[in-house]
Structure formats: C-alpha cells, structure tokens
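No experiment lies behind these values; they were computed from the predicted model shown.
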Amino acid sequence: MPTRWRTIVFSTYWGLSVVALATLIILPYLHWQYMRVNSYLMAIIFGIYIAKLLTVAFLLVDDTRRLIRWVIARFSTTAAGPDEDAISRSVFLSWLGLGLGTGVFGSLLYGFGNKYNYKLHRVRMAFENLPASFKGLKIIQISDIHSGSLANPEAVNKGIDLILAEKPDLILFTGDLVNDLATEVKDYKAIFGRLEAPMGVFSVLGNHDYGDYVWWETPELKEANLDHLRQIQQEMGWRLLMNEHVVLQRGEGQIALIGIENWSAKARFPKYGRMDLACPGTEKYPFKILMSHDPSHWDAEVRPQYPDIDLMLSGHTHGMQYGVELPGFKWSPVQFLYKQWAGLYQEGRQRLYVNRGYGFIGYPGRFGILPEITVIELA
C-alpha cells in the first residue's frame, strides 16, 4: 500500500477510536433530553467496534497463517522457499476484513433512514376448526411500538393510515407500548387512538411496559406508572387483556381471544402471565387465538400444555432490527437467541406468528428487517 494511503487508513482508524472512546466517557453526563441523540451516538460507536472486530478477525487469520508458515520453515529440514503469494494473500485478507467491517458499519448508518419504513406482511391461514362465519376475517397485528424511541409523529401517523386503509375487522397489539414510562405515549396518544375496527382493538403488555428497567423510589410509584399505562390504553379505545379472555362473535360463530401478561422462557425476562387464569371458560369455543408478547412462551408452555390454542401472536424480538430477508431465506443475529423470531411458524395444527415490531429501541434504525404491520386473513 502506498505510504500516503497507509497514513490515511492509520489516521482514520485511530481517529475513530479516540472519538468513540471520548464519546463513551461524555455520554453519562448528558441530560435525559438528549437520549435520542445518545441512541444515535451509541449505535455509531457500536458499529465502529463491530467493524473493528470483523477487521481484526481477518487480520488474525492472516497472522496465524504467517505464524504457521514461519514454524514450518523454522523446523523443516527442507527449505520452504519464499511464499511468492504471501503479500497478495495478506493484502486480500486485510482488505476483505476492512471491506466487511466497513460494510457492516455502513449498513447500520443506512438503517437510520428505515425506522419508519413500514412494511405490510400479508399472511393467509386456513384452519379446519374455524367457524364458517369467521372465514375471511381480517386481523391487523402490530407489536413493540416503543413510544419513548419515536421522534417523528408525522411518519408514525402514516403507518396508522396504512393500517386503517386495510379496513381490518380486528386489531391486535402484542405488547411494549413504551420503553419504560407511561408518559412516553403522550405525544402519540391521539395518533394511536385513531386505530379502530368493527370487532375492537385489543392489547397485552410486553416486558418493557412494567417499568422494570428503571429505578423507582417506591413500589407504589412503579405500580402507579403501570396503572397510568392501563388508563392511557383505555382512553385510546384499546381493550387491555390481563390474563383473561373475551369472546368474539361474528354471525352465528364464536371464538375465544386470550390475552396474557408477559411470560418468557428466558431467565432475564419476567413471568407475569397466567394461562391458568386466562384460559378457563374457553373450552367450549372451537377456535382460540392467544396474544402473548414473547415467542419463547410458545414452545415452553403453550404447545405442551395448551394444545387447543390454534394461533399465538407475539412480538418482542424486533428481528433485532438487523438482518437479511430474501424470498425463501431470512437471517438475523437474533436467531441465536430465539428459535422463532420473525414470521409464521407451525407445529402440528398449532401456529405462531412473530411480528417484527412497529417501533425500535436501542439501535435507532432498521436494516433488512423493516418495521412491520401484519395483515392476517383467516380461512
């Protein structure tokens, strides 16, 4: 590499490192009103270090290769001779690492512009035991709004326009209306209050809705925050289901809609959900839909203990807001944590749909895994 380019690469590499370190030191002293700026800075810093790790990984491969050749040459009785393509291999590995690192960093930056790029996912599901009057029922599912991360009411409102344009019979929200505090919904209450459907708008709580991730002076303040969130949903016209079920009627047919509080098979998340409270009384209905925020609930409790649940709707994973989705192929780092993380899954006659999330948290963007509005047609 020419000396001039080597100097540029060296200076850029260490310059970014110094800036990233200084930013990490400064961030804790910034006031809460700069939290949205902080999330962008943290995402950029995270991207820088991921890019560095990828680059270093390839450099390590090259260094290991060089070491092996040196050991062989050092202890071999036969001269190994010069490695004529050693320089080209080293350059290849170095540039490959830099290219991948730069690509990941660039994709994270690109994703900043996709966080309000709502995508409609249309899914048709046929069930033999669905009452005839419910054939053709259109359900809109949204999940993981995370109001505290939103910063563009106009863009969010356009997403609501997309939902209403579908003229759904039923709207279901599967948790995480806020990041931590009920007051985060304030600027979006009127927007989400626009949601309406002939059979109603129903919701459940997600892990973030309980305020478990912030410090409270007293348990009473934490409980008051949750009460406030319940009240807000009621004022928006949403029916929050707390370990209970309702009966939906269409024509002559009836089905049960079950909603439970957050229940996760992952140790770091709480188990507030009570299927034993929500399900009694649903036995007489031929078809059951369960709203449960965390998809790990499906394998851990729903499938083995409640085989009469026909369809479970979840969210929670966001598809990690980063990945690749192509026809017939999808990948995201979140799949190493969750077996079911985006889209439709089926085991026997039971089905699970995992919504990719309407909002975002942490990383203020989306790459490959766009914010989702699910349009489900029952058949």
Side-chain angles (χ1 to χ4, degrees), residues 123 125-134 137 139-143 169-177 197 199-207 209-210 226 229-230 233-234 238-267 269-317 338-340 344-355 374 376 378:
V123 185
M125 303 184 200
F127 297 90
E128 292 181 359
N129 57 321
L130 182 71
S133 62
F134 280 86
L137 182 79
I139 302 171
I140 289 284
Q141 181 200 2
I142 55 174
S143 191
D169 300 298
L170 179 67
I171 298 176
L172 304 178
F173 173 70
T174 46
D176 278 357
L177 180 57
M199 298 181 71
V201 180
F202 295 87
S203 62
V204 293
L205 297 176
N207 56 296
D209 293 322
Y210 296 92
L226 185 56
L229 188 64
R230 293 191 191 106
Q233 296 202 32
Q234 182 179 3
W238 297 13
R239 171 72 161 85
L240 179 63
L241 299 178
M242 302 279 288
N243 298 325
E244 58 188 310
H245 72 268
V246 294
V247 178
L248 302 178
Q249 180 149 356
R250 195 181 196 220
E252 298 296 321
Q254 291 182 326
I255 66 174
L257 175 65
I258 304 164
I260 69 160
E261 298 186 57
N262 192 70
W263 194 104
S264 177
K266 308 295 181 180
F269 296 116
K271 290 180 173 63
Y272 296 116
R274 295 283 303 274
M275 292 288 284
D276 61 320
L277 297 179
C279 290
T282 65
E283 300 85 1
K284 58 185 176 182
Y285 302 106
F287 188 84
K288 302 173 186 65
I289 299 174
L290 170 65
M291 300 167 65
S292 179
H293 178 69
D294 192 314
S296 66
H297 186 207
W298 196 52
D299 277 339
E301 185 181 39
V302 175
R303 287 205 307 112
Q305 298 182 36
Y306 297 89
D308 59 341
I309 299 293
D310 300 282
L311 172 62
M312 174 170 150
L313 301 178
S314 298
H316 183 62
T317 71
Y338 286 87
K339 180 181 176 183
Q340 297 92 10
L344 182 63
Y345 302 86
Q346 182 170 355
E347 292 288 344
R349 58 180 292 273
Q350 292 182 283
R351 298 181 202 183
L352 164 70
Y353 193 89
V354 184
N355 181 283
T374 314
I376 299 171
L378 299 184

For P131 and F287, work out which heavy atoms get closest and say how close. CD-CB, 4.0 Å

Does a side-chain heavy-atom distance below 4.5 Å link L257 with M291? yes

D176 and H316: side chain donor to acceptor below 3.5 Å: no

Hey, are H297 and S292 close enough side-chain-wise for a donor-acceptor pair under 3.5 Å? yes

Do F173 and V204 have side chains that get closer than 4.5 Å, going by heavy atoms? no

More than 12 heavy atoms of other residues, nucleotides or ligands under 6.0 Å from CD of Q234: is that the case? no

Are side-chain heavy atoms of Q305 and M275 found at a separation under 4.5 Å? no

Taking the side chain as every heavy atom from C-beta outward, state whether L344 and L352 have any pair of such atoms under 4.5 Å apart. no

Heavy-atom pair with the smallest gap, counting every atom of W263 and G273: CD1-O, 3.4 Å

Test item: I255 and R250 side chains (from C-beta on) under 4.5 Å apart, heavy atoms: no

Does R230 reach the side chain of M242, with side-chain heavy atoms less than 4.5 Å apart? yes

The reported gap from CG in L137 to CE in M125 (rounded to nearest 0.5 angstrom) is 11.5 Å

Out of the candidates L172, I171, I142, L240, only one should pair with V201 under the side chain to side chain contact (heavy atoms under 4.5 Å, CB included) rule; please name it. I171

Centroid separation F202 to W238 less than 6.0 Å: no

More than 12 heavy atoms of other residues, nucleotides or ligands under 6.0 Å from CD of E283: is that the case? yes

Minimum side-chain heavy-atom gap D310-I289 below 4.5 Å: no

Reported CG-to-CD1 distance for the pair L277 and I258, which is rounded to 0.5 angstrom: 12.0 Å

If I take atom OH from residue Y353 and atom CD1 from residue I139, how far apart are they, to the nearest 0.5 angstrom? 12.5 Å

Where the side chain of R351 meets the backbone of L311, is there a donor-acceptor pair that is under 3.5 Å apart? no

Is a donor from one side chain sitting under 3.5 angstrom from an acceptor on the other, for D299 and Q340? yes

For the pair D294 and K266, find out whether any cationic side-chain nitrogen is under 4.0 Å from an anionic carboxylate oxygen. no

Nearest heavy atoms of E244 and A278, plus distance in Å: N-CB, 3.5 Å

Kindly compute the distance separating CD (E301) from OG (S264), expressed to the nearest 0.5 Å. 11.5 Å

Hey, is the main chain of L177 close enough, under 3.5 Å, to the side chain of D209 for a donor-acceptor pair? yes

Are any side-chain N or O atoms of N129 and backbone N or O atoms of P286, one a donor and one an acceptor, separated by less than 3.5 Å? yes

Spatial distance of atom CG (L313) from atom NE2 (H293) [nearest 0.5 Å]: 13.0 Å

Measuring from atom OH of Y345 to atom CH2 of W298, what distance do you get when rounded to the nearest 0.5 angstrom? 9.5 Å

Does some side-chain heavy atom of V247 sit less than 4.5 Å from a side-chain heavy atom of K284? no

Is the terminal nitrogen or CZ of K288 (NZ for Lys, CZ for Arg) located under 6.0 angstrom from the six-membered ring centre of Y306 and within 45° of that ring's axis? no

Assess, by modelled atom type and distance only, whether the side chains of E252 and S133 contain a donor and an acceptor separated by less than 3.5 Å. no

Where L248 and F134 come nearest, the two heavy atoms and their spacing: O-CZ, 3.4 Å

Pair I140-T374, side-chain contact (heavy atoms from CB on, under 4.5 Å): steps then yes or no: CA-CA 6 Å; I140 289 284; T374 314; over 6 Å; no

Heavy-atom closest pair (Q141 atom, N355 atom, distance to 0.1 Å) is O-ND2, 3.2 Å

Scanning both residues in full, the closest heavy-atom pair of S143 with T174 reads OG-OG1, 2.8 Å

Test item: Q346 side-chain N/O and G348 main-chain N/O as donor-acceptor pair under 3.5 Å: yes

Verify, without hydrogens or angle tests, whether N243 (side chain) and E261 (backbone) share a donor-acceptor contact under 3.5 angstrom. yes

